[in-house]
Each structure stands twice: as C-alpha cells, then as structure tokens.
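Here the structure comes first, spelled out in structure tokens, and everything after it is commentary.
What you are looking at is a predicted structure, and each value in this text was computed from that prediction instead of being measured. Every chain is numbered from 1, with letters handed out A, B, ... down the list of sequences. Side chains included, hydrogens not; waters and symmetry mates left out as well; all remaining heavy atoms used.
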2 protein chains.
Amino acid sequence: MTEDLRPLGNPSSENFRLDAYPFYLLNRAASRYNVVIESELRRIGIDIPAWRVLMILGEAQPLSIGQVAKSAVINMSTMMRIIERMTKAGLIETNPSEADGRVKEVLLTDHGKAKLADARIVTAPLYDKIIKGFSAAEFSTMLQILERLHDNLE
Amino acid sequence: MTEDLRPLGNPSSENFRLDAYPFYLLNRAASRYNVVIESELRRIGIDIPAWRVLMILGEAQPLSIGQVAKSAVINMSTMMRIIERMTKAGLIETNPSEADGRVKEVLLTDHGKAKLADARIVTAPLYDKIIKGFSAAEFSTMLQILERLHDNLE
DNA sequence: GGATAACAGTTGTAAATGCAATTATTATGC
DNA sequence: GCATAATAATTGCATTTACAACTGTTATCC
C-alpha cells in the first residue's frame, strides 16, 4: 500500500511538492523531448513546428489550416506563418477549398513526403531508446493517461 | 489481452498512428494545459514562465539563474530575460553569491511570495477538475511514467 | 431574402525566444 | 603558480510567436 500522492500535487496544499505535480512533470518531459528531438531534426533542416505539421498531414490530408492548427495545438496566426515558411520551402502546398470559399486546404508535396520519411528515420532511434523499458501494458497505460489528461482539459 | 501498441507509436513504422505516439500526446496535453492555465494566470497578472519560476523558488531558494533555468527546462538566455522582467515587477531579487563570484542567487520577494500564493489559489480548482477521476494508484502511476519518460531523455 | 452573427484566414505590431559571441570568475593540468 | 579550460551570466540580433484588428465567406434567424 503506497501513500496517496494526490494531495501533494495540489498547488494549494500545505505540503505541495513540485515532483508530485503532474503538469510540472508533463511540461518538463515535453520540453526535454523537444530539446532532444530538435537537434535531430536540425540535421535534416526542419524545426519542430514543421515536423508537427508533416506528421499531422502524413496521417490525414488535405486539412484546412485551422484543422492543422487545432491538431497541433498551435495558435492559428502562428500556424499561418508556419504554413508560409513550409510553402516557401516547398514542403506543402495550399489550394482553395471547392466546398467552402473561406477555407484553404493544405497538403504535402512530394518533397514534403520525402522530408517526412527522413524525419521518421532520424527520430526512430530516439523513440526506441525512450520506449525501451516500457512493457506493452505500461505503454498502453501511458497512452490512456495522456489521453485522459487531455480530455479533462477540454 | 490487449494489443501491443508500441509498434504503432514508432514513427518509422508502416502503420504509424499519431494517437499512439506518446510524444504527440505529451506535447498536446502540455500545450493544452498551458493554454488553459495561462488564462487563469492572466487574471493575476503573470504569465507561464513567471509562474514556473515562482513554483520552483517556492520549493527551494535561493537558486542560481542556471539552476532555475535547468529546473524549468528553459534556455538560459531566455531565463535571463524572464528574471529581468520578474525583478522589474518586484517578484524576485538577485544577489551575488558569496561562495562563487560568477553566480547570482535568485530569491522571492514578499511580493513574489504573495503572488505565488495567489497563483496557487487560482490554479487549484483546475487541478481538482483534472485530477478528478484518477485513483491514488493511477495518480501514482502517472507520476512514475512521466518521471521515467524524463529520465529516459537524459 | 436580407440583416446579422459566426467563422476561416490574413496581417501589423510588440514582445518573447534562442543562437552565438562576450565578459568575468573559478577549476584543472602541468 | 600559471596557462588553459570550463562554467555562469550577459547581451546583440534575427527569428518566432501571438494578440488584436481586419477581410471575405458562409450560416442563422426573423
């Protein structure tokens, strides 16, 4: 029987501890991951925002700029600038939507697809390294927990 | 017996899925949390970086600028600017270290302590809301998983 | 069907970020 | 003990970010 750590992670608690605060740990893990992954991505000439967009479009396309922004949890106006840069770099292209005159559809170019393949290659070893030590059950639990955190933030 | 999802989360996998990629979920959860928490913090006039520094100093002080930066996983030069702003706002103060002439020690002012108390008050309800639904055991598992992810990224 | 609201995208602007170079101080090797 | 390397903090500068205001298009309500 282990101690109930939930009160310790409550910011308003008397005996609050940073290392029991899930969002501190969440941000810390995410930040560190980004630092590590960024140096890998630099080698193939892309940054984290571009990589996120590539990943998102790699799974479903075309997507509107708004949809991409929402998926990536990135501000719409920031996403505009990212789309601009990526278009200039030839990674993606945009077309006005047939169905809705307000919408611009974003999709990968061949160059973008190739870059995504490169990105997968350079990030895969890192993935293996980090996942090592997680059993299938633990991995599944991790996904569920992250999903739940996200849902609770709706 | 559930399926082993680990291969699905591998970026180089044939049938890769974003929603099985832990770092996508990690970043998404962290981003959303930041968006939500930011609007709470705005009400008491601080931003996320300042809040992170307050939390860190609230647990241990004084700390060198470098230590604060490391704890927060924020670039040192960025942390310099944050320290500057917070000093100007009267939340923290800095003194040269006795022991090491290169080091500047950072600590909370009374105003900083009061602001930290405010921050805890406005963030606590959010904490409760998000934590609700997690058992003590699940909560503990969550902390362990985040800790492990972080350690694996060393 | 026309006014009004909601929505997708776009841009100006100010602030934040981080790389790279610099200074000042302390640790290390011989 | 002195030269050299390592470390902590600092700043210039170019890039990135996001708020707020704006345009154009579609949905809603009477």
Side-chain angles (χ1 to χ4, degrees), chain A residues 27 30-43 45-53 56 62-89 91-107, chain B residues 27 30-43 45-53 56 62-89 91-107:
Chain A
N27 269 303
S31 297
R32 184 169 298 279
Y33 174 67
N34 285 334
V35 166
V36 171
I37 205 77
E38 190 176 33
S39 75
E40 293 300 320
L41 293 175
R42 211 192 311 266
R43 300 191 307 156
I46 62 172
D47 58 12
I48 290 175
W51 176 64
R52 285 225 235 170
V53 172
I56 287 164
L63 251 43
S64 72
I65 297 180
Q67 284 173 317
V68 176
K70 197 173 174 209
S71 253
V73 196
I74 289 179
N75 184 285
M76 173 103 174
S77 99
T78 303
M79 184 54 74
M80 267 299 300
R81 283 9 190 304
I82 296 168
I83 297 285
E84 253 170 42
R85 278 179 258 153
M86 291 179 72
T87 302
K88 190 183 286 183
L91 296 168
I92 56 178
E93 58 181 27
T94 59
N95 301 118
S97 161
E98 299 283 334
D100 188 330
R102 295 169 298 184
V103 172
K104 232 170 158 181
E105 293 181 334
V106 188
L107 58 157
Chain B
N27 269 303
S31 297
R32 184 169 298 279
Y33 174 67
N34 286 333
V35 167
V36 172
I37 204 76
E38 190 176 33
S39 74
E40 293 300 320
L41 294 174
R42 211 192 311 264
R43 300 191 308 155
I46 62 172
D47 59 10
I48 291 175
W51 176 63
R52 283 225 236 171
V53 171
I56 287 164
L63 250 44
S64 71
I65 297 180
Q67 285 173 318
V68 176
K70 198 174 174 206
S71 255
V73 195
I74 289 179
N75 184 286
M76 174 104 174
S77 98
T78 302
M79 184 54 74
M80 268 298 301
R81 273 43 186 277
I82 296 168
I83 297 286
E84 253 170 41
R85 278 179 259 154
M86 291 179 71
T87 303
K88 189 183 287 184
L91 296 169
I92 55 177
E93 58 181 27
T94 58
N95 300 117
S97 161
E98 299 284 334
D100 188 332
R102 295 168 297 182
V103 172
K104 232 169 158 180
E105 292 180 337
V106 187
L107 58 157

Task: Of the listed nucleotides D:dA20, D:dT10, C:dG9, the one nearest the side chain of B:Lys104 - done: D:dT10
Open item on the list: Tell me the interatomic distance from B:Gln67, atom CD, to D:dA9, atom C1', rounded to whole angstroms.
Closed with: 13 Å
Task: Point-to-point distance, once rounded to the nearest 0.5 Å, from CG of A:Asn34 to CG of A:Asp47 - done: 11.0 Å
Open item on the list: Nearest 0.5 angstrom please: A:Ile46 CD1 to A:Glu40 CD, how far?
Closed with: 11.5 Å
Open item on the list: With a 3.5 Å cut-off and heavy atoms only, can you find an N or O donor on one side and an acceptor on the other between the side chain of A:Arg81 and the base of C:dG12?
Closed with: yes
- [ ] Just compare D:dT10, C:dC19, D:dC19 and give me whichever is closest to any side-chain atom of B:Met76.
- [x] D:dT10
Task: Between P of C:dT17 and CD1 of B:Ile48, the distance in whole Å - done: 10 Å
Open item on the list: What is the separation between atom CE on A:Met79 and atom C1' on D:dT16, rounded to the nearest whole Å?
Closed with: 13 Å
Open item on the list: Looking at every heavy atom in both B:Met76 and B:Ile65, which two are closest together, and how far apart are they?
Closed with: CE-CG2, 4.3 Å
Open item on the list: By nearest heavy atom, map B:Val103 and A:Arg85 onto DNA chain D; which one lands nearer the 5' end?
Closed with: B:Val103
Open item on the list: Distance check needed: D:dA18 C1' versus B:Asp47 CG, whole Å only.
Closed with: 13 Å
Task: Shortest side-chain distance from A:Glu38, nucleotide among D:dT10, C:dC19, D:dC19 - done: C:dC19
Open item on the list: Assuming nearest nucleotide by heavy-atom distance, tell me which of A:Pro49 and B:Ile65 is located more 5' along DNA chain D.
Closed with: B:Ile65
- [ ] Could you check how far CD1 of A:Ile82 sits from P of C:dT17, rounded to whole Å?
- [x] 16 Å
TODO: Measure distances between side-chain N and O atoms of B:Thr78 and base N and O atoms of C:dA16, and say whether any donor-acceptor pair falls under 3.5 Å.
DONE: no
Task: Closest listed nucleotide, where the reference is the side chain of A:Met80 and the choices are D:dA9, C:dT25, C:dG9 - done: C:dG9
TODO: Could you tell me the separation between the CD atom of A:Glu84 and the C1' atom of C:dT11, rounded to a whole number of Å?
DONE: 9 Å
Open item on the list: As a test of reading the structure: which of D:dT25, C:dA24, D:dC19 is closest to the side chain of B:Arg42, going by heavy atoms?
Closed with: D:dC19
- [ ] Measure from CG on A:Asn75 to C1' on C:dA15 and round the result to the nearest Å.
- [x] 14 Å
TODO: Quick one: pull up CD1 in A:Ile92 and CG in A:Leu63 and give me the separation to the nearest 0.5 Å.
DONE: 11.0 Å
Task: Separation of D:dA8 C1' from B:Lys70 NZ (nearest whole Å) - done: 14 Å
- [ ] Might you point out which heavy atoms bring A:Ser64 and A:Val106 nearest each other, and give the distance in Å?
- [x] C-CG2, 4.3 Å
